[in-house]
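Proteins get letters first, then strands, A, B, ... in listed order; numbering begins at 1 in each.
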Amino acid sequence: MDGKERKIKSAEYEAVVSAGPHLRRLQQAHAHLVVTGCHRSRALLTKLLTLSCAAGSIAYTRRLFRSVSDPDSFLFNSLIKASSKFGFSLDAVLFYRRMLLSRIVPSTYTFTSVIKACADLSLLCIGTLVHSHVFVSGYASDSFVQAALIAFYAKSCTPRVARKVFDEMPQRSIVAWNSMISGYEQNGLANEAVEVFNKMRESRVEPDSATFVSVLSACSQLGSLDFGCWLHDCIVGSGITMNVVLATSLVNMFSRCGDVGRARAVFYSMIEGNVVLWTAMISGYGMHGYGVEAMEVFHRMKARGVVPNSVTFVAVLSACAHAGLIDEGRSVFASMKQEYGVVPGVEHHVCMVDMFGRGGLLNEAYQFVKGLNSDELVPAVWTAMLGACKMHKNFDLGVEVAENLINAEPENPGHYVLLSNMYALAGRMDRVESVRNVMIQRGLKKQVGYSTIDVDNRSYLFSMGDKSHPETNEIYCFLDELIWRCKDAGYAPVPESAMHELEGEEREYALRYHSEKLAVAFGLMKTGDGVTLRIVKNLRICEDCHSAIKFISAVMNREIIVRDKLRFHHFREGSCSCSDYW
DNA sequence: CTAGGGTTAG
């Protein structure tokens, strides 16, 4: 009898398992259980539950759950785990609450799942409450729970709390290290991420591929090519197998650190790539202005049978915009909808406006904007349109666009600067003053621009008019001399209206000591002939600096690569890779 | 009987 029953159960179990994560087959299997009278078996129901969750049907999962009269801890754990794992994070939290209400004691498995769900939703308050349950349950020193908590606090934008959990761990698993590094990186704290990475190595913990993926992202933020190359050597030397995630991080790092050649080398070393890797390569070419190469990679990717997605199209359209490939961009935009069924989102719209704008088709850009719904008129669309107005000197339209921009996002100080610039360019100086007053009134401060440059494995940071550097005098003298030489070669300072609060000589002074110029001067002083300068700027490069650096590249016969907020500028022999469209 | 964890890419 026992043997027979086990055999029957096993057959039923097999029926459920073989249905796999497919809703209709699971429903058939369930119906079969009802017919054979096995529908009250907890074991089978638990299996059915996790599979229906995996099938993506939370509704059916809930129905199955309701059919269980007295769920046990096993069932709750499976349910919370599955719903958290397959993206039904809110349900995971609700099931957790139900579990507590049913007076079932959570385990470490329950906690890891529910904390992950809170992390995915950035539910800081609820996650913190769960953390208190962790303390009460006595699991505060469980390494799995701790790693989950670190990731949770980081994803809830509280990296300092994550660090507190991390610091209080006597023994740190590699995942805890990785969570902390990635947590800093995701919060834009690249230096802190690198600092933890160094500490990890001091603690003799061997980094794995997940570690490197996060550190490479941090390196991309910093734009430090030397550090990136060193990391690359580390990875190769460590014997870690190159997987597609790691390769993608490398491609992205090399691109964002200004060495698209090395990005390309990593890309071509991979035999198999998925859509993410291909997209990274397209995006890398695009941000350096290599539109033709980006399109080539895009076509090759399609020929290989890799299906482009929404992110791929952002990369392709952005590459077209930055390289002036308007006809290509138009046809890609059409095929995106028609052939691939990708619905254009705000990011694609921004690319199109940008592309028309840069390409000199101001009217077409504006027609495109006017064709959008009101909820699609996000700040980025207005910013792109504004760039087009500025480039084509249509200041009246520019003023209108800038006013729309402020209405769309009144709390962003950068927009006021743009509006004020437009007023100045349109000759409405009275308005310039009033915009400034509004900014003061609303307590908005202009974002401080800064530039960094690496020399001898050290990173140096400059901000406008900065005098904190020990060699300030030498740098300023060198720069003055350099500017004179540029002026002899034909350079004329471009007045920037962002400096509207300054007049005459004072204005030129502020302009002359912009952070990127200081970084360039410093780089020239500290490196030998033939060494390429690589500078990273947090904001967009201004027109005057762009012009000055073109002259510097000619006068000093140096290649200078500047990464600004949007793209790369390769200055060489007096011209820039962006063809002065940026 | 039923499952089993936390970190990583465009």
Within residues 170-196 of chain A, those residues having any heavy atom closer than 4.0 Å to DNA chain B are A:Ser173, A:Val175, A:Asn178, A:Ser179, A:Ser182, A:Gln186
With a 3.5 Å cut-off and just heavy-atom distances, do the side chain of A:Asn274 and the base of B:dA9 make a donor-acceptor pair?
yes
Spell out yes or no: do the side chain of A:Thr112 and the base of B:dG6 have one donor N/O and one acceptor N/O closer than 3.5 Å?
no
Specify the separation, in whole Å, of atom NZ of A:Lys85 and atom P of B:dT7.
12 Å
Establish whether the base of B:dA9 is bridged to the side chain of A:Ser249 by a donor-acceptor pair shorter than 3.5 Å.
no
May I ask you to decide whether A:Arg163 forms a salt bridge with A:Glu195, counting only side-chain N to carboxylate O separations under 4.0 Å?
yes
Name all pairs fulfilling the ring-ring contact (aromatic ring centres under 6.0 Å, His included) condition that reach into residues 138-165 of chain A, sequence neighbours left out, sorted by first residue then second.
A:His131-A:Tyr153
By ring pair (Phe, Tyr, Trp, His ring centres under 6.0 Å), which residues pair with A:His232, not counting sequence neighbours?
A:Phe254
Ring centres under 6.0 angstrom apart (A:Trp278, A:Phe267):
yes
Going by heavy atoms closer than 4.0 Å, what residues in residues 116-132 of chain A are next to DNA chain B?
A:Lys116
Using the rule for Phe, Tyr, His and the six-membered ring of Trp, do A:Phe144 and B:dG6 stack at under 5.5 Å and under 30°?
no
Any side-chain donor paired with an acceptor under 3.5 Å for A:Thr110 and A:Ser107?
yes
Expected output is a numbered-order residue list: members of residues 296-319 of chain A with a heavy atom under 4.0 Å from any atom of DNA chain B. What is it?
A:Asn309, A:Val311, A:Thr312
For A:Phe76, is the NZ or CZ atom of A:Arg98 found under 6.0 angstrom from the centre of its six-membered ring and inside 45 degrees of the ring axis?
no
Near DNA chain B, which residues from residues 72-83 of chain A have a heavy atom under 4.0 Å away?
A:Phe74, A:Asn77, A:Lys81
Pair of N/O donor and acceptor under 3.5 Å linking B:dG5 base with A:Thr108 side chain:
yes
Using the side chain to side chain donor-acceptor pair (under 3.5 Å) rule, take A:His30 and A:His39 through it: C-alpha gap first, then chi angles, then the decisive distance, then the call.
CA-CA 7 Å; A:His30 188 203; A:His39 61 290; over 6 Å; no
